[in-house]
Amino acid sequence: MNDFEKLVDQLGLDEKRSRLLASSLVIHGHVCGGMPLGFIAGEAALKALGVEREQNMDKFVILESGDNHAAGCFADGVQFSTGATFGKGLMKKDPKGKFAFLLIDKLTKKAVHVRIKNEVIKNAFNSPFITEFRKKGIKPSDIPSEIAFEMLKKPFNTPVGELIEIKGPFEYDFFEPPATFNLVECEVCGQLCAENYARIENSKKVCLECFTYSK
């Protein structure tokens, strides 16, 4: 049992949920308050849509967080609990600097909008984790474990309805082009690229790096 598993074991969650949360912490890299808030919000979004965690390509998340603020950990939590990952192309940012997201079921064309309530965010930003450590430039992994664990524990000891606001389900007409499984070998550099990223230049098939007009 690793250190993250030991921490999660203290939360008293069911086995399946504990295993997923511990794995999420391993990938996320540190204990904090933002990731568990996103994790719980993602779970609630799935429940509101009446669907399970995504294993294939049937969900999509539009994150309303952005960059260079404290919502990156929240975004990781949403990604891990919903299974709508960046790597699978199931998540994108619509940068608004908010702790909120849209979860879309591509099969039913329904969606829910989820946001963390204002008071929850304010309380988190006024916690010692932020005021005494993060605002002073201390890295999350260097914050005392007892302080960090309180941030992890609190969301799981709070009723979901006190943490988040959900709107929906409502109709959402989602469209995306089909995935390609065709490859093109660039006639300039020789590297393979997906067909939808290839271009024609001087009657040659080229990748974007070798395509003069994209520079």
Side-chain angles (χ1 to χ4, degrees), residues 1-48 53 61 63-87 91 93-101 103 113-166:
M1 182 177 288
N2 62 41
D3 290 341
F4 290 133
E5 289 172 331
K6 291 175 183 176
L7 285 178
V8 171
D9 192 52
Q10 298 178 50
L11 300 177
L13 308 177
D14 64 64
E15 184 179 354
K16 182 179 179 181
R17 202 178 181 202
S18 292
R19 191 165 60 244
L20 180 58
L21 180 61
S23 298
S24 302
L25 285 167
V26 170
I27 297 172
H28 186 58
H30 63 258
V31 178
C32 63
M35 202 280 280
L37 279 174
F39 186 94
I40 291 170
E43 290 181 322
L46 291 172
K47 184 176 180 180
R53 185 177 188 270
V61 165
L63 281 167
E64 295 179 15
S65 59
D67 299 309
N68 304 315
H69 72 109
C73 299
F74 170 78
D76 266 358
V78 175
Q79 182 174 203
F80 297 139
S81 62
T82 62
T85 62
F86 278 111
M91 180 174 279
K93 288 182 179 180
D94 179 17
K96 297 176 181 176
K98 296 183 178 182
F99 290 78
F101 64 94
L103 174 66
H113 183 268
V114 181
R115 73 173 187 90
I116 304 298
K117 290 187 174 181
N118 290 353
E119 287 305 312
V120 175
I121 299 172
K122 289 177 182 178
N123 288 337
F125 272 66
N126 287 325
S127 69
F129 186 91
I130 298 292
T131 60
E132 296 180 19
F133 297 96
R134 293 297 290 125
K135 280 189 173 181
K136 296 178 181 179
I138 297 173
K139 296 178 181 179
S141 58
D142 292 333
I143 294 174
S145 57
E146 63 274 13
I147 298 291
F149 181 66
E150 284 302 312
M151 298 298 290
L152 172 67
K153 180 172 67 173
K154 189 171 182 179
F156 290 98
N157 289 337
T158 304
V160 174
E162 294 180 15
L163 296 173
I164 64 174
E165 176 184 281
I166 299 181

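Annotation for P128 and F133: closest pair O-CD1, 3.2 Å, computed over non-hydrogen atoms. When every heavy atom of A75 is checked against every heavy atom of L63, the shortest pair comes out as CB-CD1, 3.6 Å. Closest approach of V120 and E162 over heavy atoms only: CG2-O, 3.4 Å. Here the closest non-hydrogen pair linking A41 and I116 is CB-CD1, 4.2 Å.
Looking at E165 and K117, no side-chain N of the basic residue comes within less than 4.0 Å of a carboxylate O on the acidic one, giving no salt bridge.
Legend: side chain to side chain donor-acceptor pair (under 3.5 Å) pairs involving residues 35-46, not counting sequence neighbours, sorted by first then second residue: R17-E43. Within the structure, every pair that satisfies the side chain to side chain donor-acceptor pair (under 3.5 Å) test and touches residues 138-151, not counting sequence neighbours, is listed here: E150-K153. Screening residues 137-166 for ring pair (Phe, Tyr, Trp, His ring centres under 6.0 Å), with sequence neighbours left out, gives no hits. For residues 121-130, the salt bridge (Lys or Arg N to Asp or Glu O under 4.0 Å) pairs, not counting sequence neighbours, are E119-K122.
R53 contributes no side-chain N or O that, together with a main-chain N or O of L46, makes up a donor-acceptor pair within less than 3.5 Å. Between the S65 side chain and the G72 main chain, no donor and acceptor come within less than 3.5 Å of each other.
The side chain to side chain donor-acceptor pair (under 3.5 Å) test applied to N126 returns no partner, not counting sequence neighbours. Listed by chain and number, the residues in a salt bridge (charged side-chain N to carboxylate O under 4.0 Å, His left out) with K98 amount to none (sequence neighbours excluded). Residues that satisfy the salt bridge (charged side-chain N to carboxylate O under 4.0 Å, His left out) test with E132, not counting sequence neighbours, are absent from this structure. Remark: F101 pairs with no residue by the ring pair (Phe, Tyr, Trp, His ring centres under 6.0 Å) rule, at least two apart or across chains. For the ring pair (Phe, Tyr, Trp, His ring centres under 6.0 Å) test, no residue two or more places apart in sequence or in another chain qualifies with H113. Judged as a salt bridge (charged side-chain N to carboxylate O under 4.0 Å, His left out), and not counting sequence neighbours, D14 has no contacts. Contacts of R134 classified as salt bridge (charged side-chain N to carboxylate O under 4.0 Å, His left out), with partners at least two apart in sequence or in another chain: none.
A 6.0 Å sphere centred on NZ of K93 holds more than 12 heavy atoms belonging to other residues, nucleotides or ligands.
Distance CE/M151 to CD1/I143: 8.5 Å, rounded to 0.5 Å. In this structure, NE2 on H69 lies 6.0 Å from CZ on F99, to the nearest 0.5 angstrom. Atom CD of E15 is separated from atom CG of D9 by 10.5 Å, given to the nearest 0.5 angstrom. One distance of note links CD1 of I130 with CZ of F125; it measures 5.5 Å at 0.5 Å rounding.
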Practice problem: Start with the C-alpha gap between V160 and I40, add the side-chain angles, then the distance that decides, and say whether side-chain contact (heavy atoms from CB on, under 4.5 Å) holds. | Solution: CA-CA 8 Å; V160 174; I40 291 170; 4.1 Å; yes
Would you mind writing out the side-chain donor-acceptor pairs for residues 21-39 within the sub-3.5 Å range, not counting sequence neighbours?
unit_1 : atom_1 : unit_2 : atom_2 : d
S23    : OG     : R19    : O      : 2.9
S24    : OG     : L20    : O      : 2.8
H28    : ND1    : D76    : OD2    : 2.7
H28    : NE2    : H30    : NE2    : 3.2

